[in-house]
Amino acid sequence: TRSFVNADIFLNEKELMKSAYYAKKIPMYWERIKNGEAILTSFYNIRKALLKDIAEYEVTEIFAHNMRFDYGTLNNTERWLTKSQYRYFFPYGIEICDTLKMCRDVIAKMPTYIRFCEENGYFTKNGQVRLTAEIVYRFITKDLDFVEEHTGLSDVMIEKEILAYCYKQHKKMRKALFE
């Protein structure tokens, strides 16, 4: 496990950083960089590390909760920083998967999850159960006080638990982002 901070944005887009939803986390990022918990490096080096890990561990699938957001953001960042010389963050051939889709097919249908959402008011304005990583993780761990940090690696650590929980249900589910 590693935690990266994208120096291309963090250092070179200071005005953008000030207006971003995570602006209040900037001091925390600096603290993590200083104490060695996070590595400040270029987007190029972050992608290079990912490609190395994919090769070393023979990765064929990459997962995230609400992958549509991550996929778009990573591709947009790749295009922005390379002036569209490179257009895709993930290498060709890797299956891009979404635990949110898995949750829709598995967890959202569970009577215990529906009851959990009823008891805690976790519904969308359209009356659907909410399936944010934070709420699903609260359900899985029975920790109603859990608050998602929204900082890369910490999010990955809860999303891997969501992934494992979905698979443990042994139900039919979609996982690929583009299916």
| query | Does atom OH of Tyr44 have more than 12 heavy-atom neighbours, drawn from other residues, nucleotides or ligands, at distances under 6.0 Å? | reply | no
| query | When clusters are formed by joining ILVMFWY residues with side-chain heavy atoms under 4.5 Å apart, either directly or through shared neighbours, do Ile46 and Ile54 land in the same one? | reply | no
| message | Just by distance, no angles: are the side chains of Glu37 and Asn35 close enough, under 3.5 Å, to form a donor-acceptor pair? | response | yes
| request: Kindly give the heavy-atom pair with the smallest separation between Val106 and Cys166, and that separation in Å. | output: CG1-O, 4.4 Å
| Any side-chain heavy atom of Tyr113 within less than 4.5 Å of one from Leu131? | yes
| query | With side chains defined as the heavy atoms from C-beta onward, is the minimum distance between Arg104 and Lys109 less than 4.5 Å? | reply | no
| task | Kindly indicate whether the side chain of Phe116, heavy atoms from C-beta on, has any atom under 4.5 Å from the side chain of Met110. | result | no
| Where is the tightest heavy-atom contact between Thr151 and Asp155, given as atom of each residue plus distance? | N-OD1, 3.5 Å
| query | Which heavy-atom pair separates Glu149 from Ser154 by the least distance, and what is that distance? | reply | CB-OG, 3.3 Å
| Partner of Tyr165 under side chain to side chain contact (heavy atoms under 4.5 Å, CB included), chosen from Thr99, Ile107, Thr141 | Ile107
| task | Dump the intermediate steps for side-chain contact (heavy atoms from CB on, under 4.5 Å) on Lys172 and Asp105, then the final yes or no. | result | CA-CA 7 Å; Lys172 185 178 178 184; Asp105 291 347; over 6 Å; no
| task | Would you kindly confirm whether Ile114 and Met173 end up in one hydrophobic cluster when ILVMFWY residues are joined by side chain heavy atoms under 4.5 Å apart? | result | yes
| task | Could you tell me whether the side chain of Asp98 and the main chain of Leu100 form a donor-acceptor pair under 3.5 Å? | result | yes
| Should Ile39 and Leu153 be regarded as members of a common hydrophobic cluster, given that ILVMFWY residues are connected when their side-chain heavy atoms come within less than 4.5 Å of each other, either directly or indirectly? | no
| field | Full working for side-chain contact (heavy atoms from CB on, under 4.5 Å) between Glu95 and Ile62 | value | CA-CA 6 Å; Glu95 186 171 11; Ile62 295 179; over 6 Å; no
| message | Does any part of the side chain of Tyr137, heavy atoms only, come nearer than 4.5 Å to the side chain of Glu161, both counted from C-beta? | response | yes
| request: Determine, for Lys18 against Glu15, whether the closest basic-nitrogen to carboxylate-oxygen distance falls under 4.0 angstrom. | output: yes
| request: For Arg174, look at atom CZ and say whether over 12 heavy atoms of other residues, nucleotides or ligands are found less than 6.0 Å away. | output: yes
| CZ/Arg130 to SG/Cys117 distance, rounded to the nearest 0.5 angstrom? | 9.0 Å
| query | Out of curiosity, Ile162 CD1 to Glu134 CD, how far, rounded to the nearest 0.5 Å? | reply | 10.0 Å
| Are any side-chain N or O atoms of Asn45 and backbone N or O atoms of Thr41, one a donor and one an acceptor, separated by less than 3.5 Å? | no
| message | Any salt bridge linking Arg2 with Asp53? Criterion: basic side-chain nitrogen under 4.0 Å from a carboxylate oxygen. | response | yes
| said: Is there a side-chain contact between Tyr71 and Asn75 in this structure, where contact means two heavy atoms from C-beta onward sitting under 4.5 Å apart? | reply: yes
| Checking Lys24 against Tyr22: charged group under 6.0 Å from the ring centre and within 45 degrees of the axis? | no
| field | Distance (rounded to the nearest 0.5 Å) between Asn120 CG and Leu144 CG | value | 5.0 Å
| What pair of heavy atoms forms the shortest contact from Asn66 to Asp70, and how long is it? | O-OD2, 3.5 Å
| field | Ion pair Glu61/Lys175, N-O distance below 4.0 Å | value | yes
| In terms of hydrophobic clusters joined by side-chain contacts under 4.5 Å, are Val5 and Ile9 together? | yes
| said: Within the structure provided, determine whether Cys97 and Leu177 are in side-chain contact (heavy-atom separation under 4.5 Å). | reply: no
| request: In sequence, state the C-alpha distance, the side-chain angles, and the governing distance for Ile135 and Thr132, and then conclude on side-chain contact (heavy atoms from CB on, under 4.5 Å). | output: CA-CA 5 Å; Ile135 291 172; Thr132 65; 3.3 Å; yes
| Distance from Cys103 atom SG to Phe139 atom CZ, nearest 0.5 Å? | 10.0 Å
| query | Can you tell me how far CD of Gln85 sits from CD of Glu78, rounded to the nearest 0.5 angstrom? | reply | 9.5 Å
| said: If I compare all heavy atoms of Glu148 with all of Glu159, which pair ends up nearest, and what's the gap? | reply: OE2-OE2, 4.3 Å
| Option passing ring-ring contact (aromatic ring centres under 6.0 Å, His included) with Phe10 (candidates Phe4, Trp30, Phe43) | Trp30
| Non-hydrogen side-chain atoms of Lys52 and Lys48 separated by less than 4.5 Å | no
| request: Before accepting this row, confirm whether a basic side-chain N of the pair Asp143/Arg138 lies closer than 4.0 Å to the acidic partner's carboxylate O. | output: no
| message | Atom CZ of residue position Phe178 - does it have more than 12 heavy atoms of other residues, nucleotides or ligands inside 6.0 Å? | response | yes
| Quick one: do the Thr82 and Arg79 side chains pair a donor with an acceptor below 3.5 Å? | no
| query | Atom CZ in Phe90, atom CG in Leu50: separation rounded to 0.5 Å? | reply | 6.5 Å
| Is Met67 close to Ile96 at the side-chain level, that is, under 4.5 Å between some pair of heavy atoms? | yes
| said: Within the 3.5 Å criterion, strictly below it, is a donor on Arg47 or Tyr86 matched to an acceptor on the partner's side chain? | reply: no
| field | Residue pair Asn6 / Asp8: nearest heavy atoms and the distance that separates them | value | OD1-N, 3.0 Å
| message | Starting from Val59, can I reach Leu74 by hopping between I/L/V/M/F/W/Y residues whose side chains sit under 4.5 Å apart? | response | yes
